[in-house]
Number of protein chains: 2
Amino acid sequence: MAGNLNEAPDLERAPERLGDAAYRQMKERIIRGVYRPGHKLTVRAVAQDLDVSTTPARDAINRLTSEGALVYTGPKTVVVPVLDATDLREITLTRLALEGLASEQAAQHGTPANVEELKSLQRLINSALQEKRYAEALWHNKEFHFTIYRLSGLPQLVSMIESLWLRIGPSLHNLYPEFAEEKYGVRNHEIAMESLEERDAASLRAAMENDIRDGYRRLKRANLERGAGTSA
Amino acid sequence: MAGNLNEAPDLERAPERLGDAAYRQMKERIIRGVYRPGHKLTVRAVAQDLDVSTTPARDAINRLTSEGALVYTGPKTVVVPVLDATDLREITLTRLALEGLASEQAAQHGTPANVEELKSLQRLINSALQEKRYAEALWHNKEFHFTIYRLSGLPQLVSMIESLWLRIGPSLHNLYPEFAEEKYGVRNHEIAMESLEERDAASLRAAMENDIRDGYRRLKRANLERGAGTSA
DNA sequence: TTCACAATTTTGTTGCAACAAAAATGCAGC
DNA sequence: GCTGCATTTTTGTTGCAACAAAATTGTGAA
């Protein structure tokens with residue numbers, strides 16, 4: 001009796017339900033910036049977008065809402081959240097705790113192959129930044145982070161972190177083109193890769209935390225400018 | 001323009017949807033130990049239990065499942081999770097990170113009234129333990145913890161913590177009557193209250209972390225015994 | 001232009017039936 | 001008793017229509 005008691009023997013690949021597929025696609029659209037902060041979502045519109053009936057569309061919206069990736073602004077109005085300074089601070093504090101933990105744990109499990117994978121992702125980030133394909137850079141940046149987090153061997157933790165990225169994801173698309181000027185995150189990523197190579201947990205954690213804090217500062221600045229610009 | 005952009009002016013009390021009510025009731029049943037680890041849940045049974053149609057029942061189950069409070073053991077089988085050692089470790093690590101953060105932040109906002117509230121909760125815990133009303137003791141224990149966490153002023157963090165309690169909640173009911181012998185958590189709670197009074201963030205965090213680790217040890221022990229006893 | 005308010009359209013929720021698929025059951029055969 | 005297999009029952013998902021409620025639009029007055 002060694003396996004997880006909750007896993008059935010043949011739960012290898014359950015056929016994906018329409019609701020799950022809708023959820024997955026919505027998630028990707030949110031991260032990729034297809035839906036921007038403030039965008040309003042309706043059950044019927046999503047159903048049409050994804051070419052399913054209202055039930056799976058509603059499932060997906062409900063799930064995203066209960067995760068905090070979408071928010072109610074009225075009894076019948078769901079939108080992609082517009083983060084204010086308070087939200088941003090809360091999410092960042094939580095990210096530091098969770099992603100810090102994941103990084104720390106990851107340090108114990110890194111292999112040379114993982115480091116290679118990260119280097120390859122970093123090259124993709126770099127060239128995307130250089131060629132001003134910002135959305136793509138963000139996408140690879142996400143992959144870079146999660147490649148590390150998955151090394152923690154703590155899948156539930158990883159999915160909690162994912163739900164946090166879903167909350168800030170849309171706002172990140174408001175950062176470019178400015179954010180590329182300083183080569184977003186490059187230095188921190190380099191240190192992270194070195195730390196992983198050396199299995200230095202504290203250093204890896206510090207590098208990832210720095211990266212999160214960097215992003216936070218940029219978002220906060222952009223938020224202030226934006227807030228000042230649109231309030232008139 | 002100061003308020004949260006996502007909140008509509010009159011979002012005071014949206015009328016509760018049946019699905020939300022079902023979710024809330026299910027959550028309480030899970031925490032209170034009505035549904036024990038391994039218990040199988042079906043849409044139609046839940047619908048009947050809560051006296052609603054299948055749609056809200058399905059909503060509630062789906063939501064709980066995506067939170068990790070319920071798990072699939074087969075394509076059509078949802079059960080209250082039976083935690084193994086790996087799950088337990090992962091949840092505990094995450095709890096330490098999140099509840100540690102919440103405690104730290106809470107220390108800055110505690111008032112004498114809050115301390116009184118905690119003392120009152122602790123009295124309830126003590127008498128429940130003494131009179132062997134274990135389920136009640138667990139309930140008040142939960143309130144004790146969340147009264148502190150809510151002081152953090154980080155509502156999203158609190159609800160992430162709640163989802164973790166939902167995952168371990170059912171397993172806690174397998175601990176008694178043994179767990180009362182050592183007056184579960186009393187000492188840590190006392191230190192926590194003192195720390196809050198003195199606004200000592202590090203000390204409050206340490207006390208809460210100790211409490212979490214204590215619980216973890218008990219669960220791990222009970223898990224081993226149970227595992228050994230049922231494998232034959 | 002701005003505001004208030006009424007008319008109209010849009011929208012989420014809910015209940016339910018049909019269907020395919022999975023789980024439970026029963027039954028041989030050993 | 002136990003295993004393997006076929007039958008029966010149970011189950012989740014999906015699509016959809018009806019309904020009440022909310023959001024939007026349009027109108028007119030100041």
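Chain A is the first sequence line, chain B the second, and so forth, proteins listed ahead of strands; every chain is numbered from 1. All values derive from a computational prediction rather than experimental measurement.
Taking every side-chain heavy atom of B/Pro75 into account, C/dA22 is the closest of C/dT13, C/dG15, C/dA22. Comparing C/dT13, C/dT14, D/dG15 by their closest approach to the side chain of A/Asn62 singles out C/dT13. Looking at the side chain of B/Leu18, the nearest of the listed nucleotides D/dG15, C/dA22, C/dG15 is C/dG15. For B/Arg44, counting side-chain heavy atoms from C-beta on, the closest listed nucleotide (C/dT13, D/dG12, C/dT14) is D/dG12.
Rounded to an integer number of Å, the gap from CD of B/Glu16 to C1' of D/dA20 is 18 Å. For B/Gln48 and D/dG12, the CD to P distance is 13 Å, given to the nearest whole Å. Per the geometry, OH belonging to A/Tyr23 stands 16 Å off P belonging to D/dT14, to the nearest Å. The separation between B/Leu41 atom CG and D/dT11 atom C1' is 13 Å, rounded to whole Å. Between the C1' atom of D/dT14 and the CG atom of A/Asp51 lies a distance of 14 Å, rounded to the nearest Å. If you measure from atom CZ of A/Arg58 to atom P of D/dA17, you get 17 Å, rounded to the nearest angstrom. Rounded to whole Å, atom P of C/dT11 lies 17 Å from atom CZ of B/Arg17.
With salt bridges taken as basic N to acidic carboxylate O contacts below 4.0 Å, none links B/Glu28 and B/Arg24. Taking 4.0 Å as the cut-off between side-chain N and carboxylate O, B/Arg58 and A/Asp59 count as a salt-bridged pair.
Residue contacts for B/Thr42: at a heavy-atom cut-off of 4.0 Å it reaches the sugar-phosphate backbone alone, with no base atom in range.
If you find the closest nucleotide of DNA chain D to A/Val52 and to B/Val43, the one lying nearer the 5' end belongs to B/Val43. Comparing A/Asp59 and A/Lys40 along DNA chain D, the residue whose closest nucleotide (by nearest heavy atom) sits nearer the 5' end is A/Asp59. Summary of the strand contacts: A/Lys76 and A/Thr54 both lie near DNA chain C, and taking for each the nucleotide with the nearest heavy atom, the more 5' one is attributed to A/Lys76.
Shown here is B/Gln108, whose CD atom has more than 12 heavy atoms of other residues, nucleotides or ligands within 6.0 Å.
For A/His140 and A/Phe144, the distance between ring centers is not under 6.0 angstrom.
The side chain of B/Thr55 places no N or O atom within less than 4.0 Å of a non-bridging phosphate oxygen (OP1 or OP2) of C/dT14. Contact annotation: B/Thr77 side-chain N/O to C/dA23 OP1/OP2 distance is under 4.0 Å.
Here the shortest heavy-atom pairing between A/Leu151 and A/His109 reads O-ND1, 2.9 Å.
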